[in-house]
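Since we're looking at a predicted model, the values are computed, not measured.
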Amino acid sequence: MASVNFDQEKCKGCELCVSVCPKAIVHMSDTLNSKGVSYAKVEEMDKCIGCGFCALMCPDVIIEVVKEAG
């Protein structure tokens, strides 16, 4: 299992992370950050496989993928 953390305030809403998620669990929020931007977030974290594609694709390096030992 993995955990994905987004720095919502630094997200600029480019949606590149959304396009590369093989499980289609990264989505844009319905709410806005302080910049007025809809930020990326993971829905259904239990389906995350921890591939890290979202973090690799992010041009602003705001995504952290943490794989839990198990």
Side-chain angles (χ1 to χ4, degrees):
M1 189 167 177
S3 174
V4 181
N5 303 308
F6 292 81
D7 186 339
Q8 299 172 351
E9 287 304 311
K10 292 183 180 177
C11 181
K12 65 183 180 186
C14 68
E15 299 188 36
L16 291 173
C17 55
V18 174
S19 68
V20 297
C21 180
K23 294 293 185 175
I25 58 172
V26 180
H27 301 279
M28 301 310 288
S29 69
D30 292 331
T31 57
L32 306 177
N33 63 18
S34 63
K35 297 178 189 174
V37 174
S38 178
Y39 54 86
K41 65 178 187 173
V42 172
E43 295 179 3
E44 303 178 277
M45 188 68 71
D46 58 320
K47 293 184 179 180
C48 180
I49 59 174
C51 66
F53 292 161
C54 57
L56 289 172
M57 184 58 76
C58 182
D60 298 312
V61 193
I62 64 146
I63 305 169
E64 176 186 35
V65 178
V66 179
K67 294 182 184 180
E68 297 176 10

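- Note that SG of C11 and CG of L32 are 11.0 Å apart. Values are rounded to the nearest 0.5 Å.
- Other residues, nucleotides and ligands contribute over 12 non-hydrogen atoms within 6.0 Å of the CG atom of D46.
- With side-chain heavy atoms closer than 4.5 Å counting as contact, directly or through intermediates, V37 stands alone and belongs to no larger hydrophobic cluster.
- Within the structure, the side chain to side chain donor-acceptor pair (under 3.5 Å) test picks out the following pairs touching residues 33-42 (sequence neighbours left out): E9-S34, T31-Y39.
- Summarising the geometry of A2 relative to G50, their closest heavy-atom pair is CB-CA, 3.5 Å, with the distance given to 0.1 Å.
- Taken to the nearest 0.5 Å, the SG atom of C21 stands 12.0 Å off from the CE atom of M57.
- Residues passing the salt bridge (charged side-chain N to carboxylate O under 4.0 Å, His left out) test with K10, sequence neighbours excluded: D7.
- Atom-to-atom distance recorded for E15:CD and H27:NE2 is 11.0 Å, nearest 0.5 angstrom.
- Note on residues 54-64: pairs passing salt bridge (charged side-chain N to carboxylate O under 4.0 Å, His left out), not counting sequence neighbours, are K12-D60.
- Taking Ile, Leu, Val, Met, Phe, Trp and Tyr as members and joining any whose side-chain heavy atoms lie under 4.5 Å apart, directly or through other members, the hydrophobic cluster of I25 also contains V4, F6, V18, V26, M28, V42, M45, I62, I63, V65.
- Take K23 and apply the salt bridge (charged side-chain N to carboxylate O under 4.0 Å, His left out) test, not counting sequence neighbours, and it matches no residue.
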